Every structure is written in structure tokens, then in C-alpha cells.
Amino acid sequence: MAGQFQKHKLGAAGIGGMLGLSMCITLFFPSFDFRSGESTWVGLDKTLSNGRVIGFSYEDPLVRGEGKPTTVVLNKDPKTGEAIDPPIRAYVYDAKAPLSAGVRHPSNMGPTVGKLSIEKGKIDQANDSDPVVFTIEATDVDGEEWHYVNNATVNNGWTAEAVLNTAGAESQYLIGRGKTVYITEGCWWCHTLLPEHTQDWQVFGTPPFLGDFNGEMPTAFGSDRKAPDLLHVAARNSSKEWMTMHFFNPRLVQPNSIMPRFDYLWGKTDANGKAIDFSKWRAEYNDYVSGKTVHPPEVPEYAPESEARALIDWVLMSLR
Amino acid sequence: MLLKLLFAKEEDIPPGSATIFFGYSAIFWFVVGTGLGSFNAAKLAFPDFVTGTEMFAFGHMRQVHVLAVILGWISMAFAMTMMYMTPALGNTKLWSEKLGLWNCFLWNIGLSLGLFLLWIGITSGREYSDLIWPIDLVVLVAVLLPLGINVWMTIAHRRTQGIYITNWFFGACTFMVMVTFVVGQAPELFNLTGLTEGYLTFWFAHNVLGLWITPVAAAIAYYTIPKLTGNPLYSHRIGHLHFWAIIAFYSTPASHHLLSAPLPEWLKSFASVEGVLILIPAVAFVANILLTMKGRWSMFVENIEIKFSVTGVLLAIPLNMQGGFQQTRAINWYVHGTGWIVAHAHLALLGMSTALEIAAVYFGLQQMLRRKLYSLALANFHYWFYIVGFCIYWISMTIAGLIQGAGKVYEVPYIDVVVAEHPYMIARWVGGTMVFTGNLVWLYNMWMTAREGTVLPKGRYSHELAYER
Amino acid sequence: MGWKFDKPLHEMASEEESTAMLRQWESEKHGGLWEGNNRLPLPFTYLIALIVLTAFMITMPIWGQRPNAEHYAPMVNEMDSAAVQNLATDEEKMKYLTAFAMKELATASDPRGPGLLERHPITWDDLQNIAPGIREAQTSQKYPLAFYNIVGDKIALANFEGNRTVNGDFFGEPTNAPARVQPWFDKGMIIDLFYVSYFFIVLILITKRLPSFTRKPDMSKTS
């Protein structure tokens with residue numbers, strides 16, 4: 001039995017026991033807590049507007065923002081034509097967009113919200129291959145207000161086509177695709193989506209609450225902040241013009257900014273289908289910077305199918 | 001040369017081949033990683049440096065820098081040291097040189113592919129788990145598993161009864177990094193979402209440091225310091241304290257990264273306590289190594305490997321003092337998310353861990369090539385550019401972090417913080433570029449060692465021979 | 001394995017085992033390396049004790065905390081009283097209410113209240129915004145008030161403490177009843193105490209099974 005203490009079997013069992021206990025406390029125990037978190041309106045809005053997965057997935061292998069739902073703002077019922085006041089958000093999944101993580105696994109949205117979404121919202125009748133429209137509805141359970149996901153195609157008879165037509169192009173927002181741009185362009189290496197509980201809320205707004213993320217993937221909290229927190233940026237600044245200039249060249253509106261230029265998100269053509277001459281723009285901008293001209297060159301209007309549009313949609317609609 | 005060896009018979013492969021290929025790959029990725037770091041730092045200091053193209057945007061390059069350093073330099077240097085230390089400590093030879101070579105080959109291919117995909121924006125969008133899940137599977141099957149099998153089998157086939165502490169660490173950490181990796185990538189593989197995803201991301205990000213990068217680097221010091229000084233390791237008992245404390249306390253504090261997220265309060269507090277307790281393995285490690293140096297402190301000046309090793313051990317002291325306390329709520333509110341943390345991360349990876357690995361790569365390559373280092377002058381140049389560059393980086397980012405913290409607390413408009421940080425961003429770029437320059441010199445030095453270094457006589461170690469340059 | 005427990009902090013392995021371990025230790029070299037059998041110097045042992053103590057002290061839920069609904073409830077209860085309504089400015093109202101709440105909380109079992117209110121002042125407007133939420137929580141009595149987080153002018157249930165159970169069934173469908181509420185000073189501290197004790201017991205068993213540090217392996221015998 002000499003040297004028993006050094007034998008590798010005993011040691012391996014010890015390593016397993018120690019690591020097992022550690023994982024039991026840090027993974028198994030919290031899983032019960034995570035499981036009981038109920039989704040808020042913010043959480044439902046995120047899971048419905050983002051689609052299944054942001055980032056690499058089957059439906060979007062090149063991470064170009066394909067297979068994502070379209071979020072629309074409705075001010076009248078597409079079926080009856082009745083006015084809806086205040087306007088509500090509807091989430092249109094075409095045949096190519098797989099259902100969001102929350103709808104796919106209702107327990108992700110929390111035990112009660114998941115149950116309500118199945119019983120009242122009939123989300124179990126939706127499937128990946130058919131177009132479907134979702135809304136977020138409120139209901140009263142034991143005197144408390146709960147939000148759940150409503151399958152509007154089944155419950156309200158809204159077809160995807162009718163909803164898109166009723167809303168019109170100006171009320172359609174590519175939120176899921178916009179968040180994809182946020183992820184692929186690495187915005188989250190400098191901006192966080194997690195105001196801190198101690199100080200930040202006075203400047204950057206409230207930290208997220210429990211239930212604000214259910215069904216979101218990835219959460220992209222970010223950890224290395226070199227720029228302002230963005231979780232509520234649209235509540236501080238909702239100007240589309242400012243966003244457009246700032247994304248094209250941040251130093252047009254904020255001379256001391258160290259943010260990269262995201263002019264390449266405009267693609268090849270502007271809103272009128274005219275080719276954008278980037279080298280000319282940069283030359284004119286350099287003249288402006290060196291003081292040769294008084295005004296900076298005009299920022300081209302982005303095309304509706306450009307990545308810039310999706311990103312601005314996401315910023316203005318989702319980060320409030 | 002590599003291709004020929006890949007398909008050679010096991011007995012025809014010269015011992016040490018896997019070490020040599022891993023060693024040069026590691027140095028190559030170190031040059032790439034620090035070069036990218038220098039480039040990124042330049043972009044933070046001068047935002048219009050290389051602009052107008054998607055390919056060289058900061059958001060496309062940052063994660064390539066991080067993963068090239070972690071998976072390329074640090075992990076490959078670990079593999080390199082495992083390839084020669086594990087058999088040496090068991091008085092045996094490597095279980096399979098061929099597996100080691102294939103591991104190195106597939107590692108380089110997989111990593112290049114993964115980094116290329118990240119570069120063009122194909123990412124999972126999860127911090128430190130940025131690689132998409134097919135690449136994750138490649139990392140698991142072609143990188144971590146063969147490495148683990150080679151290490152475990154070598155330990156199992158040892159010709160000693162006991163197992164030296166370095167091999168305990170190698171065997172345990174190759175296993176634990178696999179567990180950590182699988183759990184960390186689970187959200188992508190099984191479509192876990194929300195807070196679970198956020199928590200597992202940081203569970204991985206913390207534990208890959210705690211169960212892989214820090215302990216393996218420490219294990220390397222347990223070999224290089226006694227080997228080069230000729231002293232016995234000060235204490236087997238303290239080794240036990242270090243080893244078990246690493247597993248118990250370094251595997252638990254993940255949620256201290258998310259103190260502001262709505263994670264269970266008990267989990268955050270639990271993590272904070274454990275986070276302070278990582279000082280226990282740190283105390284054990286530093287005490288054990290520095291007491292081993294007894295009577296041999298002159299080597300800290302004279303011997304290049306000891307110079308790097310002891311630098312790494314000394315850097316472990318501020319590293320753990322920062323790491324232990326900055327994560328408690330009492331301090332975290334001030335420094336969270338600021339450049340302070342960036343400085344701390346570089347203290348861990350570029351400071352403590354890298355210094356210990358550089359020493360082991362210097363030493364191992366000389367033994368396996370059977371050649372003396374080409375030039376001491378170049379090695380010293382490497383050391384001083386590395387340490388001065390690192391210190392500039394560390395100090396400037398720490399100051400920048402404190403400025404950011406003050407800006408946060410006193411609600412200074414963010415843009416004023418950016419302006420105030422600008423000089424430190426330039427300093428960071430200068431520091432990073434110095435490290436990069438030192439690494440280029442190192443690569444040249446090791447290249448010349450392979451070609452022109454004095455051949456070691458049989459049975460002699462490199463540090464027993466005098467330098468010629 | 002032979003155990004002996006007469007001097008547990010000295011050596012737990014039997015005499016033959018200890019000797020055999022030392023002999024083995026002396027007879028093999030790991031790639032030219034060997035290990036000493038020295039103890040951790042005593043100052044470092046004290047340092048480790050200090051670290052454990054510090055770890056618990058510095059993570060007590062005192063620092064980095066924010067007041068919750070429980071701390072603002074006295075203000076909300078008092079805000080409509082005549083004494084407050086007669087005050088002219090919002091500042092005066094808040095000054096009065098803060099002092100009032102601090103007095104109320106001074107006798108509570110959780111002593112952190114007054115300090116938290118002092119460090120996190122709230123405006124009259126924000127108080128009015130959170131008041132309906134706090135009143136609702138008070139009437140519904142569903143969760144303890146301390147479960148409601150307050151940030152700025154928002155109130156939300158953001159607490160995970162205590163798993164939720166159905167009829168005591170830990171694995172059943174969760175309901176809204178928390179199974180267990182921890183006292184204010186125990187946020188994961190008890191489980192930590194258990195974990196740390198477990199670690200040190202295992203560690204003592206491991207190291208005291210080794211030959212005592214007073215026996216040094218004789219390295220001259222190494223071949």
C-alpha cells in the first residue's frame with residue numbers, strides 16, 4: 001500500500017468529486033432559479049423580434065441576417081380594419097423564418113407565461129414552414145397582469161401578407177437582422193447592453209430586470225466598455241438623422257469619438273439606387289477636416305435593403 | 001517536413017518532433033496575436049487609421065486577436081510543454097509522437113479556419129466563445145481530446161511510481177478544460193437562451209482561465225524552476241494545497257462577472273467569496289516557487305529562462321491581489337467594465353502566464369533541437385522589450401480604467417472620458433507594439449537556433465553550456 | 001490504508017506506510033527532479049486564515065447594495081399624511097420622509113436600512129412613481145417586500161432567492177410561492193461556509209496522510 005496517496009486513481013476520483021461538487025453548486029442549483037424566471041414584455045418582444053438565433057445558425061450560415069422575422073407597428077386591425085390605439089407590435093414570420101426560441105420551447109418564457117401562451121395564445125399551432133404572425137397580449141391572472149405570446153394567425157385570423165400590407169413599408173422594422181449586424185460588426189466589443197446596478201442607471205437607464213432576456217440568444221452583454229452603454233440608447237436619442245450621420249462617420253456629429261466609421265454598411269447604392277462614391281466622399285471629408293471646405297459632404301441616404309437600415313431599426317426599436 | 005512526419009511510422013519519428021512543431025507554431029501565433037493587438041490598439045488611439053473597409057474594422061479584428069492569443073499562443077505553448085515535460089517527468093517517452101504531430105497539424109488548420117470565419121464576421125456572438133459551433137466541435141475533437149489522450153496515456157505509461165505535481169496539473173487540466181468547453185458551448189449546441197446563455201458564457205470565460213490558463217502556467221513553473229536551478233521543489237505538501245485549492249476555488253466564481261445581471265443573489269455572493277479565496281492557491285504557488293529559488297537568486301539575473309519564469313511568478317502576486325478583490329461588490333462598482341479590467345486580463349495572459357510559457361518554450365526547444373540558443377543578446381532584447389512594453393500597457397490601461405471609473409461615478413459625459421483616455425490609448429499602443437517587436441526578435445532568434453545553434457553534447461542541458469553570442 | 005488518529009494534525013498514516021512513502025520518495029527522480037517535504041511557513045498559514053476571514057467579511061451583503069421596496073415602504077405609507085403635504089417644497093418633503101423612514105428602519109432586524117437610504121437619496125417625483133407598485137406589493141402580500149428591486153423610478157420583481165415549489169415537490173412545476181427566504185446576511189454565505197469547510201477537511205486529510213514534515217526524505221540516496 002506504499003504511496004497510496006500518489007496513485008492516480010485516487011487522485012482522479014478526488015478531482016472528479018471536487019469539480020463535481022463545484023459544478024453542482026454553480027450549474028445545477030441555479031438551473032432551478034433560471035427555470036422559474038418569468039418573461040416580461042421586454043423579454044417577449046426580444047424573443048419574437050430576434051427570431052430563433054442571432055449569430056451562426058442553420059437558417060443563416062453566413063450570418064447575413066437571413067431567416068429573421070419582420071416587426072411591424074400596427075395601428076389598425078388587418079382583418080376588420082378597426083383602429084388600434086395605441087398601436088401595437090406584430091411579429092411576422094414568413095415561411096423561411098424559423099420560430100423564435102421562446103415559441104419553440106414555451107418553458108423558456110417561464111412556467112406561467114409559457115402556459116398562457118399555449119392555452120390562450122395557441123402558439124403550439126404555429127410551425128416553422130408556414131407564415132405566421134405573433135402579437136404580445138396582456139391578461140389578468142389572480143389580479144396580476146401577465147403578458148403572453150398570441151398566435152394572431154390562429155386567434156385573430158391575421159395572415160402574414162395582410163399584416164405587412166396594412167402596416168406599409170414605413171412601419172416595418174428589421175429588428176432581428178439589425179441585431180445580427182450588431183453581432184457581426186462587433187459593436188459589443190466596446191458597447192455594453194448591461195447598465196450596472198450601482199451607478200449607471202442615472203446615466204444609462206435601468207439595468208435589465210429578471211425576465212428581460214428569456215429566449216434571447218446571444219445576450220451579448222459585453223464586458224469591456226470603451227463607449228456608452230446602449231441598452232436604453234433610443235430613449236436618450238431617437239433621432240434617425242443623428243444615427244445615420246453617426247454610423248456613417250461618427251466624427252461628423254461627435255468630433256472626439258473613437259468609434260470606427262460604418263459607412264460600408266450602406267452597401268453599393270443609396271436609397272435612390274444611385275452608386276455611392278465612397279472615395280469621393282472621403283476625399284471631400286478630408287478637405288472638410290483640413291479646413292479647405294466649410295461643410296462636410298452630405299451623408300447618402302441608406303437603401304431599404306442595406307445593413308445600415310436594419311441596424312438603425314434595431315437601435316431605435318429595441319433599445320428603449 | 002511536417003507532412004512527411006505525419007505519415008511516417010511511429011518508431012521513425014524522432015522524439016521531440018511534436019514539441020518542436022508545437023513550439024514554433026506557438027511562437028508564430030504569438031507574433032500574429034500580438035501584431036493584431038498592436039493593430040487594434042492603434043485603431044483605438046487613432047480611429048481613422050485604416051478605415052473604410054469592413055475587413056480591417058475594429059469589430060472584426062478584436063476577437064481574432066483574443067482567440068489567436070488564447071488558442072494559438074497560450075494553449076499551443078501549453079501543448080508544447082506537455083509534449084516534453086510529461087514524458088520527462090515520468091522517465092519515459094511520449095505515448096505517441098504521431099498523435100502529437102497530427103494534433104499540432106489539425107490545431108493549426110482548425111484555428112486558422114476559425115479565425116478566418118471570425119474575421120469575416122461569421123461568429124456566434126458570445127464573448128470568448130465566439131467560434132461557431134462546428135468549429136467548437138473541431139476544437140473539442142481535434143485539439144483538446146488528442147492532447148488530453150496523449151498526456152493521460154503518457155502519465156499512465158510512466159516509469160515512476162509517483163506522479164510529479166506538474167503532471168497532476170497537466171492531467172487534471174486537460175480534462176477540466178474539456179468539461180468547461182463543453183458546458184460553455186452548450187448554449188450553441190442545445191439552443192439554450194436568455195440568462196442561462198449569458199451565465200454559461202461567463203462560466204466558460206472564467207473557468208477557461210481558472211482551470212486551464214492559470215494552473216497550467218503554474219504547473220510549468222513547477223518544472224522549469226527546479227530543473228534549471230537544480231534545487232528540489234520546496235514542498236510536496238504545499239503543492240497539494242495549490243492543486244486542490246485550484247479545483248475547489250477557481251472553478252466557482254463565474255457569476256462575479258455578472259454582478260449587475262439579475263442572477264440569483266446567492267450565486268453572486270457565493271462567487272464573490274470564492275473569488276477572494278483564489279488567493280489561497282496563489283499564496284501556495286508563489287510561496288512554493290520562491291522558496292525553491294533559495295540560494296539561486298543570482299540566476300534571476302544570469303539565466304534567461306529563470307528570468308522569464310521568476311518574472312511570471314512575481315506577476316502572479318499583483319494578478320491575484322487584483323483578481324481576488326476587484327470582483328467583490330465593494331470594489332467592483334468602481335472598476336467594472338473599465339480599462340482596469342483590460343489591464344488585469346493582460347496581466348494574467350500577457351504577464352503571468354506568457355512569461356512562464358516563454359521560459360518553457362525557450363528551454364524545451366533547446367533540449368529537443370539539441371542546440372544551444374543562438375544569441376543571448378537577442379534573448380535579453382526580447383525580455384526587456386516584453387517586460388517594458390507590458391508594463392507600459394498595464395500601467396496605462398490601469399490609469400485609463402480609473403479615469404473611466406471616476407467618470408462613471410461622477411456622471412461625466414462619456415465623450416469627456418474618451419478624450420481623457422486618449423493619451424493612455426496611445427501609451428497602450430506603444431506598449432503593445434514593443435511586445436510585438438520583441439516577439440519578432442524571438443522568432444528570429446529561435447529560427448537561427450534551429451539552424452545555427454551550437455549542438456548540445458549528449459547528456460548535457462542547454463543551460464550548462466556557455467553562450468557564444 | 002492504515003490510519004492512526006493519536007496525533008491527527010501531525011500524521012495520520014501508519015508508521016510503516018509513512019516510512020514506505022519516504023523510501024519511495026527517496027528512490028525515484030522525476031526526470032531529474034525531486035521534491036522536499038517542507039511545511040508551509042507559519043506566516044503563510046496565518047495569511048491563509050486571514051484570506052478566508054477577509055473573503056467572508058468583504059463579501060457580506062453590506063457593500064454595493066441598493067435599497068429595495070422594504071426600505072421605501074415607510075416613506076410611501078407616510079407620503080400622503082398631513083405632516084408631509086403641508087411642507088412647501090419637494091426637497092423639504094423628502095428630507096422629512098427620509099428622516100422618518102430612517103427612524104422606522106432603525107429598529108428593523110436588517111440594520112442596513114438607514115445607511116442605504118442615506119447613500120441612495122430619491123426624489124419626490126421618483127417616489128411618486130414607485131409608490132403604486134409598492135402599495136400593490138403590500139396589499140397582494142405575494143412576496144416579501146424585499147424581493148422588489150427599485151432602480152430610479154422603476155420597481156420590479158427581480159429576485160431569485162428560494163426556489164419555487166409545488167406542495168414541497170422540488171422537481172414539480174414551479175408556482176409563485178418561494179420555498180425558502182434567506183436572512184439578509186446570508187446571500188449564499190451558508191453554502192459557502194459548507195463548501196470551504198469541506199475543502200479544508202479534505203485538504204487536512206490529504207496532507208496529514210503524507211509523512212510528517214519533520215521527516216525529510218534523504219536525497220543523497222537518490223540514484
Side-chain angles (χ1 to χ4, degrees), chain B residues 85 87-91 158-167 222-223 226-227 230-241 244-245 248-249 252 259 262-277 279-280 283-284 287-288 291-292 324-325 328-333, chain C residues 21 24-25 27-41 43-44 47-48 50-52 54-65 149 156 158-163 182 186-193 195-196 198-200 202-203 206-208 210-211 213 217 219 222:
Chain B
M85 285 182 190
L89 289 167
N91 298 344
R158 70 191 185 278
R159 293 207 206 114
T160 58
Q161 203 178 4
I163 304 173
Y164 186 69
I165 179 163
T166 298
N167 274 359
Y222 279 125
Y223 179 86
K227 187 79 196 170
N231 282 347
L233 180 67
Y234 178 74
S235 168
H236 178 80
R237 318 169 73 83
I238 306 180
H240 270 288
L241 173 63
W244 295 107
F249 298 137
T252 38
L259 285 177
L263 286 174
E265 201 61 34
W266 67 265
L267 187 60
K268 292 186 212 168
S269 296
F270 178 74
S272 285
V273 180
E274 304 299 305
V276 182
L277 293 178
L279 282 164
I280 293 177
V283 165
N288 211 353
L291 287 167
T292 303
F325 291 109
T328 61
R329 275 199 185 82
I331 295 168
N332 192 263
W333 64 280
Chain C
M21 279 187 232
Q24 185 210 319
W25 209 321
S27 68
E28 68 183 16
K29 264 184 157 187
H30 303 271
L33 300 189
W34 62 90
E35 298 168 291
N37 189 26
N38 297 303
R39 70 185 302 184
L40 186 66
F44 287 96
L47 182 60
I48 285 179
L50 183 67
I51 290 169
V52 176
T54 312
F56 281 93
M57 300 281 277
I58 202 174
T59 50
M60 281 296 272
I62 302 171
W63 291 281
Q65 305 286 312
N149 274 13
N159 190 295
F160 273 113
E161 288 177 51
N163 294 312
Q182 288 162 313
D186 171 26
K187 307 277 187 193
M189 295 295 174
I190 302 288
I191 195 169
D192 236 321
L193 219 48
Y195 192 72
V196 172
Y198 164 82
F199 169 78
F200 278 108
V202 170
L203 185 80
I206 291 172
T207 47
K208 300 301 170 188
L210 298 172
F213 65 86
M219 294 312 176
T222 315

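Everything numeric here is computed off the predicted structure, so don't read it as measured data. Each chain gets a letter, A, B and so on, in the order its sequence line appears, and its residues count up from 1.
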Original post:
Which answer fits B/T252, side chain, backbone, both or neither, if we ask what part of it has an atom under 4.5 Å from a heavy atom of chain C?
Top reply: side chain

Subject >> Option in C/T59, C/D192, C/L40, C/I51 with maximal non-hydrogen atom pairs under 4.5 Å from chain B >> reply: C/D192

**OP:** Could you check whether the rings of B/H240 and B/W244 sit parallel, tilted or perpendicular, using 30° and 60° as the cut-offs?
**Re:** parallel

**OP:** For each of B/N167, B/L267, B/L259, B/L277, tally heavy-atom pairs with chain C at distances under 4.5 Å, and name the one with the top tally.
**Re:** B/L277

Subject >> B/E265/B/R329 salt bridge by N-O under 4.0 Å criterion >> reply: yes

Original post:
Does any non-hydrogen side-chain atom of B/Y164 lie less than 4.5 Å from one of B/L233?
Top reply: yes

Original post:
Do C/Y195 side-chain atoms and B/A248 backbone N/O form a donor-acceptor pair below 3.5 Å?
Top reply: yes

**OP:** Among the options B/F249, B/F325, B/Y222, B/W333, pick out the one with the most heavy-atom pairs lying under 4.5 Å from chain C.
**Re:** B/F249

Original post:
Taking every heavy-atom pair that is under 4.5 Å apart, which of B/I238, B/T328, B/V273 has the most such pairs with chain C?
Top reply: B/V273

Original post:
Quick one: does C/E28's side chain have a donor or acceptor within less than 3.5 Å of a partner on B/Q161's backbone?
Top reply: yes

